[in-house]
Amino acid sequence: MSQLPKKPDRNLVAPSREIVKLERRLFLKQGLSLGALSLLSGCDVTDTDAVQKVLWQMSRWNDGVQAAIFDPAKLAQEYPESAITKPFPFNAFYAESAAPRVDAANYKLELGGLIRDKTPWTLDQLYALPQTSQITRHICVEGWSAIGKWGGVTFKTFLERVGADLTAKYVGFKCADDYYTSIDMPTALHPQTLLTFRFADELLPTAYGFPMKLRMPTKLGFKNPKHITAIFATNDYPGGYWEDQGYNWFSGS
Ligand SMILES: Nc1nc2c(c(=O)[nH]1)N[C@H]1C(S)=C(S)[C@@H](COP(=O)(O)O)O[C@H]1N2
Ligand SMILES: [Mo]
């Protein structure tokens with residue numbers, strides 16, 4: 001008597017199919033891997049209920065109401081020094097050796113758009129602002145994440161200091177390597193959004209964005225601009241380097 005082949009267990013097969021479909025949708029619509037999404041949302045996307053929940057959330061994202069569900073009071077997880085990832089990965093749209101070398105002495109941060117005082121800032125002036133630090137997880141859409149320590153000024157403090165119109169829709173960033181991106185004002189004002197000048201208790205190295213990186217633990221890695229040269233507030237959608245190629249603009253929680 002021949003043995004019948006074992007039938008696949010439906011309960012095991014169905015969710016994995018859902019996950020494959022979800023992963024495809026995430027990639028096509030948000031340029032986001034499932035691993036990155038589960039880290040960012042803090043939910044386990046390997047069980048069916050969580051998948052359904054995420055699918056539902058994604059459809060809301062696709063309706064363009066992510067900003068409406070952003071909770072300005074919800075904090076991203078912070079970690080102890082012992083959790084820091086070493087070595088911390090480098091990422092950009094080019095190889096590490098091509099990272100722009102910004103001349104500290106001649107550097108001035110330019111301000112534009114809906115900002116009252118557009119006087120450019122030298123690095124020493126920026127370093128003199130009240131500094132704080134944070135150990136948080138950086139999550140890249142390419143599917144990796146790493147914990148690092150960044151130090152700098154709370155971005156809200158900086159925006160208030162220069163008289164930015166805090167009712168503007170967007171804050172945009174231009175970078176020394178021709179990268180650019182933009183964020184929603186509620187995220188700009190989030191207490192964990194920092195304009196950082198330091199990494200691992202040292203001056204931000206070239207690879208990680210000297211002279212400054214905007215660090216937002218509530219957003220995916222590509223929304224965190226390095227080598228910032230100009231900051232502006234605006235009501236006109238500024239887009240971004242990856243966003244203009246189809247990546248989801250909000251990309252945050
Ligand atoms: N100016 C600039 N900022 C950038 C990028 C870039 O190519 N240029 N890449 C982004 C992406 S996709 C990631 S994951 C992080 C990587 O930062 P790290 O090199 O400090 O890990 O920087 C983001 N900010
Ligand atoms: Mo990234």
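Computed over heavy atoms, backbone and side chain alike; hydrogens, waters and symmetry mates excluded. Atoms within a ligand are numbered from 1 in the order they appear, just like the ligands themselves.
- Here A176 has no heavy atoms under 4.0 Å from ligand 1, in either its backbone or its side chain.
- Only side-chain heavy atoms of F88 come within less than 4.0 Å of ligand 1; its backbone N, CA, C and O stay farther off.
- Residues Y247 and F222 place their aromatic rings such that the two centres sit under 6.0 Å apart.
- Residue contacts with ligand 1: N91 is placed with a nitrogen or oxygen under 3.5 Å of a nitrogen or oxygen of the ligand (distance criterion only).
- The ligand atoms of ligand 1 that sit less than 4.0 angstrom from a heavy atom of C175 are 1 (N).
- Under 4.0 angstrom from ligand 1, the non-hydrogen atoms of Y179 all belong to its side chain.
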Checklist entry - Can you list the steps and then say if W242 with F93 is a ring pair (Phe, Tyr, Trp, His ring centres under 6.0 Å)? => result CA-CA 10 Å; W242 290 114; F93 63 92; 7.2 Å; no
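- Between Y170 and F232, the gap from one ring centroid to the other reaches at least 6.0 Å.
- Close contacts of ligand 1 with F90, meaning ligand atoms under 4.0 Å from a residue heavy atom, involve 19 (O).
- Residue, atom and distance of the protein heavy atom nearest to atom 19 (O) of ligand 1 are K226 NZ, 2.6 Å.
- Listed here is the closest heavy atom pair of E96 and A207: OE2-CB, 3.5 Å.
- Nearest protein heavy-atom neighbour of atom 24 (N) of ligand 1: N224 O, 2.8 Å.
- A salt bridge is defined here as a Lys NZ or Arg NE, NH1 or NH2 lying under 4.0 Å from an Asp or Glu carboxylate O, and E243 with K223 meets this definition.
- Ring to ring, F197 and W150 are not that close: their centroids are 6.0 angstrom or more apart.
- Grouping the Ile, Leu, Val, Met, Phe, Trp and Tyr side chains by contacts below 4.5 angstrom, directly or via other members, places L109 with M216.
- Annotation: F93 places an N or O atom under 3.5 Å from an N or O atom of ligand 1; distance criterion only.
- The nearest heavy-atom contact from the protein to atom 15 (C) of ligand 1 is H138 CE1, 3.4 Å.
- Using modelled atom types, one finds a donor on one side chain and an acceptor on the other under 3.5 Å when comparing Y180 with D244.
- Annotation: P89 places an N or O atom under 3.5 Å from an N or O atom of ligand 1; distance criterion only.
- Closest protein heavy atom to atom 8 (N) of ligand 1: D177 OD2, 2.8 Å.
- Of all the atoms in ligand 1, the ones that sit under 4.0 Å from a non-hydrogen atom of W144 are 14 (S), 21 (O).
- We find that K156 and E160 are joined by a salt bridge, their nearest charged nitrogen and carboxylate oxygen being less than 4.0 Å apart.
- Each of the atoms 14 (S) of ligand 1 lies under 4.0 Å from some heavy atom of C140.
- Atoms of ligand 1 found under 4.0 Å from any heavy atom of A207, numbered from 1 in the order shown, are 19 (O).
- Residue F173 is grouped with residue Y107 when hydrophobic side chains (ILVMFWY) are merged at heavy-atom distances under 4.5 angstrom, including chains of intermediate members.
- Looking at K219 and D184, a side-chain N of the basic residue comes within less than 4.0 Å of a carboxylate O on the acidic one, giving a salt bridge.
- For ligand 1 and A92, the ligand atoms under 4.0 Å from any heavy atom of the residue are 6 (C), 7 (O), 9 (N).
- Any N or O atom pair closer than 3.5 Å counts here, and K213 shares at least one such pair with ligand 1.
- Considering backbone and side-chain N/O atoms, H227 never comes within less than 3.5 Å of an N/O atom of ligand 1.
- The aromatic rings of F90 and Y94 sit tilted, their planes meeting at an angle between 30° and 60°.
- F222 CA, 3.7 Å is the protein heavy atom nearest to atom 11 (C) of ligand 1.
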